[in-house]
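Just below is one structure, and these are the notes that go with it.
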Amino acid sequence: MAKKLKVLLFFITFFVNGYMNISAEQLPKLFPFEKGDALKEWQEKIFKGKVLYSVIVNRKNGYLSAFSQNTASGIFYKLSFNPKKEPMVSWKWKVLKFPGKTNKVTDKNNGIEKDDYAARFYVIFPRLAFNLTKAMEYIWDETLPEGTIITSPYFKNIKLMVVESGKENLGKWVYEERNVYADFKKAFGREPGEAGAIALMTDTDNTASTAEADYDEIKVGYKK
Amino acid sequence: MKENRRRKKFIGTPFQKKILLLVFVAMIVPAGIIAFCLYYLIFNLLAWQLGIPENVAYNLLPVAHRVNLIILIALPITLLVIWRIALELSHRIAGPLYRLEKELDERLVFDKKGPIQVRQKDELSSLAKKINKLIAKYGGGPCS
């Protein structure tokens, strides 16, 4: 019985991975943004208008630049890794302009008016049932203190963790390294399953303002 | 042969109950599995297409809630329709058998004469005809 169940689960996983097109790539996966066509392997996902994502290549190296003007769209990469085995992710980011947030927040919208961030790094944990999918977002916020974990006003399965705060490092590259397994456990109170995608987003749709950020040297799925 | 339609669909014999349950389960289970798979396949594909979790939550979840509500309303009606079809099908099989058994009992116990009356469209009409021929051959009654 257990063997039959294992075979069935194998086929379900195979089928699900097939139709979701999640690739089992060599880990750690690096995204150095060193070539002009580096965004080819990413998918653009538009939420409310297009954010301008472009790869800027210098003589020495390259990076990803994001400029948002009253828009929200992200770039998305399907990649499977087990946070229990390879829990680490790291990246470099630089905020050039924060979204213009006001202090007016009405309870009616559950704080959606403030749900804009200059830079977000997502780790997405898909499940067989779409409504059980969870997402861990690392954000750089202007005001919220570092280490703060908040629930997205959109959905309880999205947790936002502030990993960089304030204007002190505005315009400077900041390196982040996170243990996804530990962060997920802290945010959701349970162990994460297999991760299925990462994403980046700079958005200003709720504040109707502009924001600008750069991303670079993304590394996913490794042990420290 | 007199064609009188059966009004009572549920005769309540153990055989009909068994057939009714079998037909009902045989219709419900595959339909349920297909509906469940399609529901999650479509919504999962849409969720992947939308990608950004906030986008999924903002655009897809309200649609899913609406679909769930429609399913909740439509489910009892669907179950009722499936039950009605299962009852009809079970009766088509169990009804003639019950009638044949009754006819044979009347002949064996109450010494009734004449051919067994069956409806032309009954599934067991050919069997009844053969029994009538047998009665005619050994019992001397007229064959119909």
Side-chain angles (χ1 to χ4, degrees), chain A residues 12 15-22 42-49 51 71-78 109-110 112 115-117 120 122-137 139 151-160 196-203 205-206, chain B residues 17-83 85-86 89:
Chain A
I12 290 172
F15 172 71
V16 168
N17 282 346
Y19 93 72
M20 286 177 175
N21 197 18
I22 301 172
W42 292 74
Q43 294 173 38
E44 188 173 16
K45 303 289 184 186
I46 299 165
F47 185 13
K48 288 173 192 167
V51 173
T71 52
S73 73
I75 56 165
F76 189 86
Y77 189 91
K78 284 178 187 174
N109 285 332
N110 205 18
I112 279 177
D115 191 59
D116 279 345
Y117 299 97
R120 305 183 193 229
Y122 292 81
V123 181
I124 299 159
F125 302 85
R127 285 291 154 273
L128 264 176
F130 69 99
N131 49 338
L132 299 179
T133 293
K134 289 184 171 59
M136 187 76 221
E137 283 183 34
I139 55 169
T151 303
S152 167
Y154 288 97
F155 191 36
K156 63 177 172 39
N157 283 359
I158 306 170
K159 299 283 182 189
L160 294 86
I198 58 160
L200 305 170
M201 185 161 88
T202 294
D203 65 318
D205 56 315
N206 298 309
Chain B
K17 283 179 188 168
K18 210 172 175 180
I19 297 288
L20 180 64
L21 189 72
L22 206 74
V23 173
F24 187 68
V25 170
M27 286 169 98
I28 282 288
V29 171
I33 291 171
I34 290 167
F36 181 83
C37 289
L38 273 177
Y39 178 89
Y40 279 106
L41 179 74
I42 291 167
F43 277 110
N44 277 345
L45 283 174
L46 282 170
W48 273 110
Q49 194 56 36
L50 293 171
I52 301 298
E54 283 85 354
N55 200 1
V56 175
Y58 186 74
N59 289 307
L60 199 63
L61 287 182
V63 177
H65 289 152
R66 228 173 294 165
V67 170
N68 292 349
L69 194 71
I70 293 167
I71 290 171
L72 213 66
I73 296 164
L75 194 68
I77 301 163
T78 313
L79 284 176
L80 213 68
V81 170
I82 290 175
W83 177 259
I85 294 167
L89 289 174

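Naming: A, B, ... by sequence-line order, numbering from 1 per chain.
Interface residue Lys48(A): only side-chain heavy atoms are found under 4.5 Å from chain B. Proximity to chain B is absent for every atom of Asn157(A), based on heavy atoms less than 4.5 angstrom apart. Using a 4.5 Å cut-off between heavy atoms, Ile52(B) touches chain A through backbone and side chain atoms alike. Using a 4.5 Å cut-off between heavy atoms, Ala129(A) touches chain B through backbone and side chain atoms alike.
Tyr77(A) is not listed as a side-chain neighbour of Leu200(A), based on a closest heavy-atom distance of 4.5 Å or more. Side chains of Thr133(A) and Val56(B) form no contact here, defined as non-hydrogen atoms less than 4.5 Å apart.
The aromatic rings of Tyr39(B) and Phe130(A) sit tilted relative to each other, their planes meeting at an angle between 30° and 60°.
For Lys159(A) and Thr151(A), the side-chain atoms include at least one donor-acceptor pair closer than 3.5 Å.
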